[in-house]
Each structure stands twice: as structure tokens, then as C-alpha cells.
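Here's the structure, in C-alpha cells; my notes come after.
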Amino acid sequence: GEFDLVVGRLARPKDMQGLSFTHLYSDELVFVVRAGHPLSSDEPFDLAMLEYMTLIMSTADGVMRPVIDRFLIANGVGALPHAIEARSPDFCRQYLRTSDAVWLISRGVVEHDIADGVLRRLNVDSSDTRGPVGLTVRADTHPSPTLRMMMDTVARVAHEYALT
């Protein structure tokens, strides 16, 4: 009841009780580095190298963390002794600028950074991590006219940017 609207990835089923979700588009996990990073080529990235690298990923209670963990396990990646857990995209962007770290994050969060050439996506096939992103509201209330206008605007922008 603290929020009227959450825009983001569909939460775990146990966290969706009493909530309603409207799908806007699907998103996937990407591996990004700073422009000019030694690994920023178009060559396929060997995930086994992650064991030796500094990684930035969401915290254990973050919505993307189970997606990250499942992907890494499915691809034979075990212990990650140099992982940094972070919630702030701003912190992650700044950290990448001054390091050779790899950030594991939803594509939508860094899409503009990639398009602007600030970040570079590593060549990792993560298409099986695609998941729904949308609007979550309380199921037991009707949106106010202002909230409905906000929801419609977010949906329109998602559609215009062809994120659907």
C-alpha cells in the first residue's frame, strides 16, 4: 500500500499476492562493460572468465537476481568471488567507467547507454532470460484519473519505443 504504481519486471509469484500486472514488453539479461573495455569485441564471450572478473549484479532480494543466478548455473558458472551487489544503476554506471568490471543487468536499464556508446554489450546469448516488464498496481483498488493517465503514458512510450 505504500506505492500506487511500480514499473518494472514481473515480481516473484509469492510477491504478487493482491497485485495486478499489465505486461508492456519483454526484457532480458545483458552483460555490459565500459566502452574501450579489453573484452568489448564482437567475439563470443566465454562465461567461464567471469570467475576471475569483478561483476556487478543486483542484490539477493532483487527481482533480477534469480534470473541471473539461474542463467549462470545453467551455463556452468560457479563461484563468483569478485561479485559486487548493488541496487543503484547510477553507482553501477560510475563504477564501470573506472574499472574493467562486468555489469549483469536488464537490457532496458542500459539500452540508452549502449546506443550512446557509453557501454558495450558483451556477446553473450542470454535470450532465454527474457521476462515480462510492465505495470504493477494493487488489485483491490481502481486507479485514480491521474494514475490512469500515468499508466497510459508509460504504456504509450513503451509501445512507441517498440519495446513491446
Side-chain angles (χ1 to χ4, degrees), residues 1-12 15-16 19 21-42 45 47 49-72 77 79-127 129-137 146-147 149-164:
E2 291 182 41
F3 298 104
D4 293 324
L5 173 68
V6 174
V7 180
R9 193 160 180 126
L10 176 63
R12 299 173 186 121
D15 297 330
M16 288 300 295
L19 301 174
F21 181 82
T22 302
H23 182 266
L24 295 176
Y25 63 95
S26 293
D27 201 355
E28 69 184 85
L29 175 69
V30 293
F31 293 66
V32 295
V33 295
R34 65 175 169 78
H37 188 283
L39 298 173
S40 63
S41 72
D42 291 329
F45 179 72
L47 291 171
M49 293 177 65
L50 293 176
E51 181 181 348
Y52 308 103
M53 304 182 78
T54 300
L55 306 178
I56 305 173
M57 63 180 74
S58 65
T59 57
D61 61 345
V63 174
M64 278 303 290
R65 187 55 178 271
V67 175
I68 292 169
D69 291 344
R70 279 192 303 272
F71 179 82
L72 294 174
V77 178
L80 299 171
H82 309 289
I84 297 171
E85 293 184 343
R87 289 184 188 269
S88 167
D90 291 331
F91 165 80
C92 297
R93 284 182 184 94
Q94 290 302 323
Y95 191 87
L96 284 187
R97 285 178 183 233
T98 60
S99 74
D100 284 338
V102 177
W103 186 13
L104 288 64
I105 187 66
S106 294
R107 176 187 53 89
V109 174
V110 293
E111 192 73 35
H112 292 293
D113 299 297
I114 294 168
D116 292 343
V118 175
L119 298 178
R120 176 127 177 148
R121 185 174 175 175
L122 295 180
N123 188 357
V124 175
D125 180 7
S126 57
S127 58
T129 65
R130 291 181 66 81
V133 174
L135 307 173
T136 301
V137 296
T146 304
L147 181 57
M149 185 171 40
M150 175 69 175
M151 294 169 66
D152 291 345
T153 300
V154 171
R156 180 179 47 76
V157 169
H159 182 72
E160 285 175 6
Y161 280 94
L163 296 173
T164 56

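Expressed to the nearest 0.5 Å, how far CD1 of Ile56 lies from OG of Ser99 amounts to 5.5 Å. Distance check: Met64 CE to Leu29 CG gives 4.5 Å after rounding to the nearest 0.5 Å. Distance check, rounded to the nearest 0.5 Å: CZ of Arg121 to CG of Asn123 gives 8.5 Å. One finds the CG atom of Asp100 at 7.5 Å from the CG atom of Leu39 (value rounded to the nearest 0.5 Å). Between the CG atom in Leu135 and the CG atom in Asp4 there is a gap of 12.5 Å [rounded to 0.5 Å]. Distance check: Asp42 CG to Arg120 CZ gives 4.5 Å after rounding to the nearest 0.5 Å.
Although no hydrogens or angles enter the test, the distance criterion places a donor-acceptor pair under 3.5 Å between the side chain of His23 and the main chain of Tyr25. Judged purely by atom type and a 3.5 angstrom limit, Arg65 uses its side chain to pair as donor or acceptor with the backbone of Ser58. Listed for the Arg107 side chain is a donor-acceptor partner under 3.5 Å among the backbone atoms of Ser26. Panel note: side chain Asp27, backbone Val133; no donor-acceptor pair is recorded below 3.5 Å.
With sequence neighbours left out, the side-chain contact (heavy atoms from CB on, under 4.5 Å) criterion links Asp125 to Ser127. Judged as a side-chain contact (heavy atoms from CB on, under 4.5 Å), and not counting sequence neighbours, the contacts of Asp15 are Ala11, Arg12.
Using a 4.5 Å heavy-atom threshold, the side chains of Phe31 and Leu55 count as separate. Between Val67 and Arg9 the shortest side-chain heavy-atom distance falls below 4.5 Å. Looking only at side-chain heavy atoms (C-beta outward), Val110 and Val30 come within less than 4.5 Å of each other. Put simply, the side chain of Met151 reaches to within 4.5 Å of the side chain of Val137, judged on heavy atoms. You'll find the side chain of Arg156 reaches within 4.5 Å of the side chain of Thr153, heavy atoms only. Asp113 places none of its side-chain heavy atoms less than 4.5 Å from the side chain of Val32. The shortest side-chain heavy-atom distance between Leu72 and Leu80 falls under the 4.5 Å cut-off. Between Phe71 and Leu47, some side-chain heavy-atom pair lies under the 4.5 Å cut-off.
Side-chain contact check for Ser88 and Asp90: no donor-acceptor pair (N or O, by modelled atom type) lies under 3.5 Å.
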- Task: Apply side chain to side chain contact (heavy atoms under 4.5 Å, CB included) to the pair Trp103 and Leu119, showing each step before the final yes or no.
- Result: CA-CA 10 Å; Trp103 186 13; Leu119 298 178; 4.1 Å; yes
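More than 12 heavy atoms of other residues, nucleotides or ligands shown are found within 6.0 angstrom of CE on Met53. Within 6.0 Å of CZ on Phe21 lie more than 12 heavy atoms contributed by other residues, nucleotides or ligands.
Considering all non-hydrogen atoms of both residues, Val109 and Arg93 come closest at O-NH2, 2.9 Å. Between Leu96 and Arg34, the closest heavy-atom pair is O-CD, 3.2 Å. Here the closest heavy-atom approach between residue Ala86 and residue Cys92 is recorded as CB-SG, 3.7 Å.
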